[in-house]
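To start, the structure itself, in structure tokens.
Below, each value reflects all heavy atoms present in this structure, side chains not excepted, and no hydrogens, waters or symmetry copies. Sequence positions, counted from 1, serve as the residue numbers for this chain.
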Amino acid sequence: IGLHLVTNLLLCLTMVMSSIGTVQQINNQRFFSVAGKCDAKVLRWHPHVATRLLLGDSVGSLHVYDSVKVKVTKILGKAKTSKDPVTDAQWDPLSDVYLLAAFQDGCLTLYDASTQQELHNFDKQAQSIKSIAWARAQPGNFLTASDRVGVLRLWNVSQKAPLSQTKVGNSGINCIKEIPGQPHWFVVSFKNSSVGVCDISARSMKFMSTPGHSETIFDVVFHPHDEDLFATASYDGYVKFWRTSTMENVREFRAGNNQVLYGLALGPGATRVCAVSGAGYLFIWRVDTGEQVHRLQLHSEK
């Protein structure tokens, strides 16, 4: 779940969803706290090591939490120099310990979480990198995007400079995600609230919608059992489901007034969808009926 501006990190599974669609509330369990006045900016579970959680904070540090060892490993990152916040971070899908981190000043670095060492520094970008996505069909390659320009840059972990760049739109980009079952296709959410699909092998857009939300889209998630269906969460307080084949908006859920939605996730079986807001609320809806089954304030601040 892409939670933003969380001072004290709580157990993400505050609401446990079963495979048969039931929701059970359990007591909040504190993992760890970010020291001082730092905020958590990025949260990423490891794609293969289910007990490992990565957190990027507002002063440029990275924290790796191991729930088995109950241990936190800190990578100083930008905290030892410019203190630029982490803007995105992603685990390397081919490694248990390598991760990429992007910072607000345009820096991009590959780290080894086991040694807390920098493995590779890439060319600093003129604009801050907003989103990172690994290109799983091209081992060692990954994409980056900025919210300033509608351009995707393709990199390789062994090269300092981008391999190529593709113009995908006239608006800045908030988020890029690989489409399951389509190894070269990525969904792109733009600052003007439109969404599109880019084929990075052909370096062309397959689809482009007109703006579907009235405000910026902050998160995208794919349906685990339907490769043609994905959902978006927006500043306008709506969660919307879309078909990649037609770019049609097929259903939507509203969180309410003044509820800016920053993060999104589908539960086991995809019978529930949950979103988190800047006001500290967690919302859970039934996907089939649109019924809001939970509205919980888990944090007192953003």
Original post:
Once you round to the nearest 0.5 Å, how far does CG of L43 lie from CG of L55?
Top reply: 5.0 Å
Original post:
What about F122 and H120, are their ring centers closer than 6.0 Å?
Top reply: yes
**OP:** Please round to the nearest 0.5 Å and tell me the distance separating atom OG of S194 and atom CD1 of I217.
**Re:** 7.0 Å
Exercise answer: donor-acceptor pairs, residues 197-207 side-chain atoms, under 3.5 Å, sequence neighbours excluded:
residue : atom : partner : partner atom : Å
D199    : OD1  : S201    : N            : 3.0
D199    : OD1  : S201    : OG           : 2.5
D199    : OD1  : A202    : N            : 3.3
D199    : OD2  : W185    : NE1          : 3.4
R203    : NE   : T166    : OG1          : 3.3
R203    : NH2  : Q165    : O            : 2.5

Original post:
Going through the checks in order, is the side-chain contact (heavy atoms from CB on, under 4.5 Å) test met by V86 and L62?
Top reply: CA-CA 8 Å; V86 177; L62 298 151; 4.1 Å; yes
**OP:** Kindly indicate, with the supporting measurements, whether the criterion side chain to side chain donor-acceptor pair (under 3.5 Å) is fulfilled by Q259 and S277.
**Re:** CA-CA 6 Å; Q259 294 294 340; S277 77; 2.7 Å; yes
Subject >> CA sep, side-chain torsions, deciding dist, call: K74, S61, side-chain contact (heavy atoms from CB on, under 4.5 Å) >> reply: CA-CA 7 Å; K74 184 175 181 178; S61 294; 3.4 Å; yes
Subject >> All salt bridge (charged side-chain N to carboxylate O under 4.0 Å, His left out) counterparts of D96, not counting sequence neighbours >> reply: none
Original post:
Distance from K191 atom NZ to S171 atom OG, nearest 0.5 Å?
Top reply: 7.0 Å
Original post:
side-chain contact (heavy atoms from CB on, under 4.5 Å) with R243: which residues, sequence neighbours excluded?
Top reply: D226, D228, L229, S245, T246, V250
Original post:
For the residue pair C175 and S131, what are the closest heavy atoms and their distance?
Top reply: CA-OG, 3.7 Å
Subject >> By salt bridge (charged side-chain N to carboxylate O under 4.0 Å, His left out) - contacts of D112 (at least two apart) >> reply: none
**OP:** Would you mind reporting whether V239 and W285 have side-chain heavy atoms less than 4.5 Å apart?
**Re:** yes
**OP:** Would you please name every residue forming a salt bridge (charged side-chain N to carboxylate O under 4.0 Å, His left out) with D147, sequence neighbours left out?
**Re:** none
**OP:** Assert yes or no for the condition that the ring centre distance of Y262 to Y235 is strictly below 6.0 Å.
**Re:** no
**OP:** Find out if a path of hydrophobic residues (ILVMFWY) with successive side-chain heavy-atom gaps under 4.5 Å connects V168 to M208.
**Re:** yes
Subject >> Neighbour count above 12 (heavy atom, 6.0 Å) for R148 CZ >> reply: no
Subject >> Contact list for residues 152-163, test salt bridge (charged side-chain N to carboxylate O under 4.0 Å, His left out), sequence neighbours left out >> reply: none
**OP:** Keeping the roles fixed (side chain from T87, backbone from I129), state whether a donor-acceptor pair exists under 3.5 Å.
**Re:** yes
Original post:
Measuring from L54:CG to H63:NE2, what's the distance to the nearest 0.5 Å?
Top reply: 9.5 Å
Original post:
Does the side chain of L152 reach to within under 4.5 Å of the side chain of I173, using non-hydrogen atoms?
Top reply: yes
Original post:
Does anything in residues 167-183 pair up under salt bridge (charged side-chain N to carboxylate O under 4.0 Å, His left out), and if so which pairs, sequence neighbours excluded?
Top reply: R136-E178, K177-D219
Original post:
Taking the side chain as C-beta and beyond, is there a heavy-atom pair between L154 and N141 under 4.5 Å?
Top reply: yes
**OP:** Check side-chain contact (heavy atoms from CB on, under 4.5 Å) between N249 and all other residues, then give those that pass, not counting sequence neighbours.
**Re:** K240, W242, E252
Original post:
Tell me, which pairs form a salt bridge (charged side-chain N to carboxylate O under 4.0 Å, His left out) where one or both residues lie in residues 76-85, sequence neighbours left out?
Top reply: K78-D105
**OP:** Decide yes or no for Q182 and T244: does some side-chain heavy atom of the first lie under 4.5 Å from some side-chain heavy atom of the second?
**Re:** no
Original post:
Is the shortest heavy-atom distance from the side chain of F222 to the side chain of E227 under 4.5 Å?
Top reply: no
**OP:** Tell me, please, which residues at least two apart from S58 pass side-chain contact (heavy atoms from CB on, under 4.5 Å).
**Re:** C38, D39, K41
Original post:
Should V195 and V188 be marked as a side-chain contact (heavy atoms from CB on, under 4.5 Å) after you check the CA-CA gap, both sets of side-chain angles, and the distance that decides it?
Top reply: CA-CA 6 Å; V195 292; V188 184; over 6 Å; no
**OP:** Please examine the side chains of W155 and L163, heavy atoms only from C-beta on, and report whether any two atoms are closer than 4.5 Å.
**Re:** no
Original post:
Linking I/L/V/M/F/W/Y whenever any side-chain heavy atoms sit under 4.5 Å apart, do F190 and V151 land together?
Top reply: no
Original post:
Is there side-chain contact between C274 and L282, with heavy atoms separated by less than 4.5 Å?
Top reply: yes
Original post:
What about L261 and L266, same hydrophobic cluster or not, with Ile/Leu/Val/Met/Phe/Trp/Tyr joined at side-chain heavy-atom distances under 4.5 Å?
Top reply: yes
Original post:
Does R251 make a cation-pi contact with F241 (under 6.0 Å, within 45 degrees of the axis)?
Top reply: yes
Subject >> F186-I132 co-clustered via ILVMFWY side chain contacts under 4.5 Å >> reply: no
Subject >> Sidechain-backbone polar pair: S234 side chain, T216 backbone, donor-acceptor under 3.5 Å >> reply: yes
Original post:
Do V220 and F230 touch side chain to side chain, with heavy atoms closer than 4.5 Å?
Top reply: yes
Subject >> S146 side chain to Q127 backbone, donor-acceptor under 3.5 Å >> reply: no
Subject >> Same apolar cluster: Y65 and V59, side chain cutoff 4.5 Å >> reply: no
**OP:** Supply the atom-to-atom distance T109 OG1 to L119 CG, rounded to the nearest 0.5 angstrom.
**Re:** 10.0 Å
Original post:
What ring pair (Phe, Tyr, Trp, His ring centres under 6.0 Å) pairs are there with at least one residue in residues 71-106, not counting sequence neighbours?
Top reply: H46-W91
Original post:
Has the side chain of Q90 got a donor or acceptor atom that lies under 3.5 Å from a matching backbone atom of D88?
Top reply: no
Original post:
Are R295 and Y281 in a cation-pi contact, defined as NZ or CZ under 6.0 Å from the six-membered ring centre and within 45° of the axis?
Top reply: yes
Original post:
Which value, rounded to the nearest 0.5 Å, describes the distance between F253 atom CZ and I284 atom CD1?
Top reply: 12.5 Å
Original post:
Among all residues two or more places apart in sequence or in another chain, which pass the salt bridge (charged side-chain N to carboxylate O under 4.0 Å, His left out) test with D288?
Top reply: R286
**OP:** Kindly determine whether Q116 and Y111 satisfy side-chain contact (heavy atoms from CB on, under 4.5 Å), including the steps that lead there.
**Re:** CA-CA 7 Å; Q116 301 90 58; Y111 292 96; over 6 Å; no
